[in-house]
Amino acid sequence: MLGFVGILVSDPWLQNQFTQVELRSLKSHFTSMRRESGKLIVSDLASRMGKSKVVGDQNLGNEERASLIQSFHPNLNDEVDFEFYLRIYLNLQAHVNAIIGSGVKNSSAFLKAATTTLLHTISDSEKSSYVAHINNYLSGDEFLNKYLPINPSSNDLFEVAKDGVLLCKLINVAVPGTIDERAINTKSMLNPWERNENHTLCLNSAKAIGCTVVNIGTQDIIEGRRHLVLGVISQIIKIQLLADLNLKKTPQLVELVDDSKDVEELMSLSPEKILLRWMNFQLKKTEYKKTVTNFSSDVKDAEAYTNLLNVLAPEHKNPSKLPAKSPFQRANHVLEHADRMGCRRYLTAKDIVEGSPNLNLAFVAHIFQHRNGLSTKTKQISFLETLEDDTQISREEKAFRFWINSFDSSMYINNVFEDLRDGWILLQTIDKVSPGIVNWKIASKPPIKLPFKKVENCNQVVKLGKQLKFSLVNIAGNDIVQGNKKLILAYLWQLMRYNILQLLKNLRFQSNGKEITDVDILEWANAKVRNNGSQTRMYSFRDKSLSSGIFFLELLSSVQPRAVNWSLVTNGVTDEEKKMNATYVISIARKMGCSIFLLPEDITEVNQKMILTLTASIMHWTLKQPLHLNKPTGSPDSHNGSLHDDSTSDSSLD
């Protein structure tokens, strides 16, 4: 660990339990709790941890937390120092994770917090399953061929992942085209800076497909921190396995509902909930009377699986008429049945009876991909034709959703139009963007049963938007409660724009309080490209010439000369050439360190909003670099783009 950790924590065991990011966050929480009265004693710990949302707020109440803390340390008058607090934290996390692992509270929690657990243990079953998945899907990759197949019983996975290539390739398997592979450094021997670029590209791309990577950095991959690396791999694989669980990919899912109103509700569900609904839909055709609500405790006895596979593939039923004597034997019969269907993957009989939520979900998702048992009734499919089909709305919803999810795993949402309707996560997001602005005393925390409480939350959202000078003509809190798509997207766009403008302002303009405008960003970008010797120009964020991608490649090259390999750039004339350039632009920007959530189509179609966020993100990254560094291209520090930024001569911003 680096010196920062050693300064905060003297105990070597504790040092090894946390990443630097985790320690910084926990130290901030601890300082905040102690600030209330100048000191912190054991009896105060439970309530103050609850207020600051430090530990499992969704899984522990104050009374339960207090009881647990007292069982760990009965003397309630002892003063709490930082190391004592860390030990209490680990014990509470152990309790929370035990609850989540049992499936009692939330069977999909791993998707929300796979990289945030502080218990540095990994499941050998999960590791083996994910290694088998990687060996299967990446077996034909030219670069990784020398490392595959990976031995599932060893820790070779974490060694192979250290250069970042495997994770980048796995992201492209999950969501094809996310990373332009021309941007991945794939030399046989990568230097530290090239590896760091791969890790940065990987983590920014993982965020862009919906992974939560709040508490993981490039150093964690370099060090091969197994629980964090496996957490990222787990999320990427889940995204791949759940990719078909939506009406666009599988319109037959409409069979699960009765009318168009129910179709809209189905579209708002998370992939895990759709998978559960599909499973229960199939189980209703059998004698099985229970409802499966999770992929852990509800499937431990393997009875649900037995009935599910019998209805999906009756021709492969177990020929034996004798009933299974135990859940373990029944689980083995299930896997034999799945094997005859050609879809035995991801788990063992032991994983079923132990209720492994990750592996059980993967198993059911794989069954769905292989044989979903749904029909294509013309009457039901016709429901889809009556629904609004707006690709632009869908793209923007996804971009804003992933942007919100990138803040904090506790704010994870599956659908912008449904999950923001009570106003709570919107208030949390506003508080992240403008700390201290939210009046939490009048806010209601979910679950919110009274409708007017939701309206109150959303009214505060609108009021704060006006305070931040958003354009909110004819927008009321009830519009958010009702899920008005265009108004919600309009609000989120202004919130995202405000966020990036504030980041830019805070970097360089605190001394005079100058507000940053769209024009400032436009002029900065043009000045950068012009001073780099190019005649290319952006006349506005709607400039149709931007569709070729050339201007952004010029801009990236101007702030980091070695970033763009011009031999890979096309002329940007045909649609295919434009898309290739756009994909390359996004991957290079992420590789440099820009956290962006747009798609290649946003560049080729010149989506004004996303073009602005891309330009502003590149500007933000550039202005973050130390000004005193002026390394020549190819020098050890040039991988960071730490080039001299003489913004007084090439920009109107100062």
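What you see is a predicted model; the values in this text were computed from it and never measured. Along the sequence shown, the residues carry numbers beginning at 1.
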Ring centre gap for Trp424 and Trp440 strictly below 6.0 Å: yes
Heavy-atom check, side chain of Leu501 versus side chain of Ile521, under 4.5 Å: yes
List the steps, then state whether side chain to side chain contact (heavy atoms under 4.5 Å, CB included) holds for Trp403 with Thr429. CA-CA 10 Å; Trp403 173 65; Thr429 307; 4.1 Å; yes
Any salt bridge linking Glu456 with Lys453? Criterion: basic side-chain nitrogen under 4.0 Å from a carboxylate oxygen. yes
Using atom types as modelled, flag every donor-acceptor pair under 3.5 Å from a side chain in residues 472-482 to any protein atom, sequence neighbours excluded.
unit_1: Asp479; atom_1: OD2; unit_2: Ala476; atom_2: N; d: 2.8

Between Leu489 and Phe417, is there a side-chain heavy-atom distance shorter than 4.5 Å? yes
Under-4.0 Å salt bridge between Arg401 and Asp419: no
Are Lys485 and Glu396 close enough, and set up right, to give a salt bridge (Lys or Arg N to Asp or Glu O under 4.0 Å), and what steps lead you there? CA-CA 11 Å; Lys485 293 182 179 181; Glu396 289 189 9; over 6 Å; no
Side-chain (Asn506) to main-chain (Gln502) donor-acceptor, under 3.5 angstrom: yes
Correct closest heavy-atom pair for Asp422 and Ile425 would be OD1-N, 4.3 Å
So do Gln235 and Ile233 actually touch side chain to side chain, heavy atoms under 4.5 Å? no
Does NZ belonging to Lys609 count more than 12 external heavy atoms closer than 6.0 Å? yes
Minimal heavy-atom distance between Cys594 and Trp621, with the atoms involved, is SG-CB, 3.8 Å
Is any side-chain heavy atom of Val254 less than 4.5 Å from a side-chain heavy atom of Leu266? no
I want to check something: taking the side chain as every heavy atom from C-beta on, are Val364 and Trp278 in contact at a cut-off of under 4.5 Å? yes
4.5 Å side-chain heavy-atom contact, Ser394 and Glu397: no
Looking at Lys579, I want to see if its NZ is surrounded by more than 12 non-hydrogen atoms of other residues, nucleotides or ligands under 6.0 Å. no
Does NZ in Lys273 sit with more than 12 non-hydrogen atoms of other residues, nucleotides or ligands closer than 6.0 Å? no
Return yes if a side-chain donor-acceptor contact under 3.5 Å exists between Asp298 and Thr293, otherwise no. yes
Test log, rule side-chain hydrogen bond (donor to acceptor under 3.5 Å, both in side chains), inputs Asp543 and Ser545: CA-CA 5 Å; Asp543 187 342; Ser545 68; 2.8 Å; yes
Less than 3.5 Å apart, any donor N or O on the side chain of Thr517 or Asp520 sitting next to an acceptor on the other? yes
Phe597 versus Lys398: any side-chain heavy-atom pair under 4.5 Å? no
Check: Asp220 and Val229 side chains under 4.5 Å, non-hydrogen atoms: no
Would you check if there is a donor-acceptor pair between the side chains of Ser595 and Lys207 at a distance under 3.5 Å? yes
Any ion pair linking Glu601 and Arg395 (charged N to carboxylate O, less than 4.0 Å)? no
Check: residues 463-470 side-chain donor-acceptor pairs under 3.5 Å, at least two apart:
none

Pair Glu554 + Lys528: basic N to acidic O under 4.0 Å: no
